[in-house]
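A quick write-up on the structure given underneath.
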Amino acid sequence: MTRKVRVRFAPSPTGALHIGGVRTALYNYLFAKQHGGEFIFRIEDTDSNRFVPGAEEYIIESFKWLGITFDEGVSFGGNYGPYRQSERKDIYKTYVDELLAKGLAYMAFDTPEELEAKRTEIANFQYDASTRLAMNNSLTLSEGEVAQRLANGEKYVVRVKIEPGEEILVNDIIRGEVRINSSILDDKVLYKSSDGLPTYHLANIVDDHLMEITHVIRGEEWLPSAPLHVLLYRYFGWTDTMPQFAHLPLLLKPDGNGKLSKRDGDRLGFPVFPLEWHDPKTGEVSSGYRESGYFPEAVLNFLALLGWNPGTEQEIMTMDEMVQLFHLEKCSKSGAKFDYEKGKWFNHQYLQLKDNMDLAKQFRPTVQAKGFDMEEAQLAQIVGAVKSRVTFANELWDQTSFYFVAPTQYDEKAVQKRWKPETKNELGALVNYLKTMSDADFSSVELSEKLVISWIETSGYNMGNVMNPFRLSLVGEMKGPHIFDITAVLGKAETIRRIQTAIEKLG
RNA sequence: GGCCCAUUCGUCUAUCGGUUAGGACGCCAGGUUUUCAUCCUGGAAAGAGCGGUUCGAUUCCGCUAUGGGCUACCA
């Protein structure tokens with residue numbers, strides 16, 4: 001019997017959602033959609049000390065912006081809840097007790113200080129079969145003493161009892177078979193009485209089983225603990241429904257070594273979080289992709305290709321295409337350095353694909369905030385004219401401001417090169433000619449261009465000598481769209497005014 | 001230190017034993033644009049090293065080197 005595909009993304013609410021986590025979630029999402037399965041959002045808040053207020057809401061809002069949707073989970077509902085681990089205490093306790101009863105786990109009373117002392121005393125100390133008999137636990141203490149300590153309210157942890165010398169096989173979709181010997185595993189803490197909460201390992205296995213997760217797609221940092229997880233499935237007798245594992249390669253620093261961190265973003269000037277994040281503890285603000293002007297589709301497309309590719313030369317893909325093409329088997333095994341330049345390229349590509357009218361609608365509030373306005377159709381026209389030189393939508397103002405504001409100064413180098421002694425007379429003649437044009441001719445890009453060009457030719461002027469100062473008068477610099485794209489929007493009166501101002505200022 | 005994973009242009013990657021080792025970003029040059037950007041054309045740029053296996057290895061195996069991850073009462 002094949003089970004319905006169910007995958008999950010299960011972050012810890014300890015801060016902003018890291019971009020690597022976004023990619024992990026994306027791969028889970030693509031996999032679920034492709035198989036007509038379900039995608040579950042679970043919150044792993046078993047470490048009460050690291051809880052950060054607002055983090056959960058932040059993560060939910062991030063996915064909303066990105067367009068990654070969940071079928072079940074915290075804030076989404078579903079029949080396998082609760083989906084917040086802190087609300088599942090009683091469930092975990094049952095399973096901890098089961099392991100204890102089966103003798104597959106035991107209680108340990110060692111204090112953090114005692115453990116620390118052991119670690120300094122013995123190099124490479126590990127709590128396992130070779131050392132646990134020298135520690136304070138239910139294996140070494142008499143039943144009476146254990147009962148006494150419990151009655152005294154002494155704090156304890158439950159540790160998994162790992163038998164040494166056993167080979168454990170982890171079958172990973174991306175990496176193939178990974179074998180390790182159980183002797184190198186330690187007796188991991190599964191549960192702590194201090195807060196009545198399990199640790200990641202126990203909660204993870206119990207939840208994945210209860211929530212009928214079929215595939216665990218997570219970061220490579222979990223690979224070393226995968227054997228422990230396999231062992232726990234075995235201890236619980238759940239091996240036949242154990243999920244398949246896929247450990248994803250990590251996202252690495254663009255330069256140097258190590259995994260991508262928030263600091264790298266700060267240092268190199270790019271966001272590592274989807275949304276701007278205000279750290280409630282430090283008050284620190286970290287930039288986000290959304291606030292930096294990225295399109296969510298571009299972020300997702302870029303991230304998807306960091307560690308996976310469809311095997312064809314296609315790079316720009318819609319979400320639907322990615323859903324179609326995605327395969328865990330085609331994920332790479334090695335970490336991918338984060339190439340921010342390529343991320344920008346993706347955004348540029350997506351911006352070119354956007355409808356001018358949609359961009360104009362988004363852009364209009366910015367224009368209004370600057371104290372100007374323009375109807376959307378015309379705004380769409382100028383957006384279309386400058387689009388190709390814009391990577392982020394928030395650069396639109398810089399590229400279009402001269403449409404609204406006449407230049408007050410002129411690029412010095414350009415003036416030196418383009419403004420010649422005869423320019424004054426030639427532009428003066430141009431103004432006189434423009435005055436003779438009808439408003440209808442003027443507002444047509446094609447007609448006005450044709451007329452002015454032929455006027456320049458018949459007047460015997462050098463084309464560049466007229467056109468370059470003309471541009472300088474309108475824009476203030478040697479850049480921007482075609483001259484007649486600009487004049488058609490500016491209108492006759494404003495065009496003439498700008499030329500006259502330039503003549504006055506530059507002589 | 002121990003364990004695990006990995007290793008093709010600067011970067012992301014294709015290659016499922018036989019290829020002039022392909023594409024993309026970035027970079028450089030030229031063209032288009034009488035501006036800038038876009039766009040087009042071209043260029044430089046890679047199999048970590050050493051051993052095997054094989055008629056033949058980038059591809060399979062081993063060792064070394066390098067990189068990464070894990071090694072908590074964090075996830």
Side-chain angles (χ1 to χ4, degrees), chain A residues 10-14 44-47 49-50 85 108 110-112 115-116 119 123-127 155-159 170 172 174-176 178-181 183-186 188-195 197-201 203-204 218-227 247 249-250 252-259 302 305-316 330 332-346 348 352 385-391 399 411 414 418 453 456 462-468 470-472 475 477-483:
Chain A
S12 238
T14 55
E44 307 218 329
D45 54 348
T46 52
D47 184 358
N49 299 320
R50 296 214 308 160
Q85 291 186 330
D110 317 276
T111 64
L115 287 169
E116 195 45 49
R119 278 191 265 265
N124 300 329
F125 172 79
Q126 184 169 284
Y127 209 119
K155 297 281 182 269
Y156 65 94
V157 297
V158 174
R159 287 179 181 273
V170 178
D172 188 281
I174 297 173
R175 286 151 212 284
V178 178
R179 286 166 209 281
I180 74 115
N181 193 293
S183 304
I184 63 123
L185 258 28
D186 63 340
K188 275 268 175 301
V189 171
L190 259 23
Y191 172 88
K192 48 233 197 281
S193 71
S194 58
D195 57 8
L197 281 166
T199 60
Y200 171 84
H201 304 289
N204 189 265
R218 77 232 297 195
E220 192 186 353
E221 70 269 28
W222 293 109
L223 193 52
S225 50
H247 289 94
L250 265 18
L252 273 19
K253 295 177 193 301
D255 59 343
N257 312 316
K259 68 176 167 174
F302 167 52
L305 260 9
L306 246 31
W308 167 78
N309 79 85
T312 64
E313 283 172 5
Q314 182 182 8
E315 292 201 293
I316 303 292
K330 295 227 65 153
S332 50
K333 298 178 177 68
S334 50
K337 286 193 179 177
F338 192 79
D339 182 5
Y340 186 60
E341 287 304 318
K342 187 129 189 189
K344 289 204 281 197
W345 176 81
F346 272 102
H348 182 258
Q352 306 315 308
V386 302
K387 214 179 180 179
S388 69
R389 58 217 93 203
V390 173
T391 296
Q399 292 295 330
D411 183 72
R418 308 291 190 185
I453 296 294
I456 295 173
N462 173 286
M463 197 69 73
N465 282 357
V466 179
M467 294 298 277
N468 288 317
F470 189 9
R471 168 175 298 281
L472 206 46
V475 183
E477 304 172 70
M478 295 310 294
K479 66 171 202 190
H482 288 287
I483 293 242

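Note that this is a predicted model, so its numbers are computed, not measured. Residue numbering restarts at 1 for every chain, and letters A, B, ... go by the order of the sequence lines.
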Letter by letter from the 5' end, nucleotides 18-24 of chain B scores (B base, S sugar-phosphate only, - none; protein heavy atoms under 4.0 Å) ----SSB
Interatomic distance where CG belongs to A:Leu252 and P belongs to B:U66 [whole Å]: 18 Å
With A:Arg175 via salt bridge (Lys or Arg N to Asp or Glu O under 4.0 Å) - residues at least two apart: A:Glu220
Summary of protein contacts for nucleotides 69-75 of chain B, nucleotide by nucleotide, where a base hit scores B, a sugar-phosphate-only hit scores S (4.0 Å, heavy atoms): BS--BBB
P atoms of B:U35 and B:U7, separation to the nearest Å: 48 Å
By side chain to side chain donor-acceptor pair (under 3.5 Å), which residues pair with A:Glu315, not counting sequence neighbours? A:Lys342
Side-chain-base donor-acceptor pair under 3.5 Å for A:Asn124 and B:G1: yes
Give me, pair by pair, the N or O atoms of the protein and of nucleotides 43-45 of chain B that are less than 3.5 Å apart, along with how far apart they are.
none

Could you let me know what B:G30 is paired to, Watson-Crick or G-U wobble, both distances under 3.5 Å, or none if it's on its own? B:C40
Whole-Å P distance, B:G42 and B:C25: 14 Å
Would you please name every residue forming a salt bridge (Lys or Arg N to Asp or Glu O under 4.0 Å) with A:Lys333, sequence neighbours left out? none
Would you call the rings of A:Phe302 and A:Phe346 parallel, tilted or perpendicular, where under 30° means parallel and over 60° means perpendicular? tilted
Under the side chain to side chain donor-acceptor pair (under 3.5 Å) rule, collect the residues that match up with A:Lys387, sequence neighbours excluded. A:Asn356
Among residues at least two apart in sequence or on other chains, which ones pass side chain to side chain donor-acceptor pair (under 3.5 Å) with A:Asp45? A:Ser86
Pairwise C1' distance for B:U13 and B:G31, with rounding to whole Å: 30 Å
Can you see if the side chain of A:Asn309 gets near the phosphate of B:A14 - specifically, an N or O under 4.0 Å from OP1 or OP2? yes
Picking from B:C25, B:U35, B:C36, the nucleotide nearest the side-chain atoms of A:Met478 would be B:U35
Can you name the residues that form a salt bridge (Lys or Arg N to Asp or Glu O under 4.0 Å) with A:Glu116, not counting sequence neighbours? A:Arg119
For B:A45 versus B:G23, give the span between their C1' atoms, rounded off to a whole number of Å. 14 Å
Sequence neighbours excluded, the answer for side chain to side chain donor-acceptor pair (under 3.5 Å) partners of A:Asp339 is none
Ring pair (Phe, Tyr, Trp, His ring centres under 6.0 Å) against A:Phe470, all qualifying residues, sequence neighbours excluded: none
The criterion is salt bridge (Lys or Arg N to Asp or Glu O under 4.0 Å); which residues satisfy it with A:Asp411, sequence neighbours excluded? none
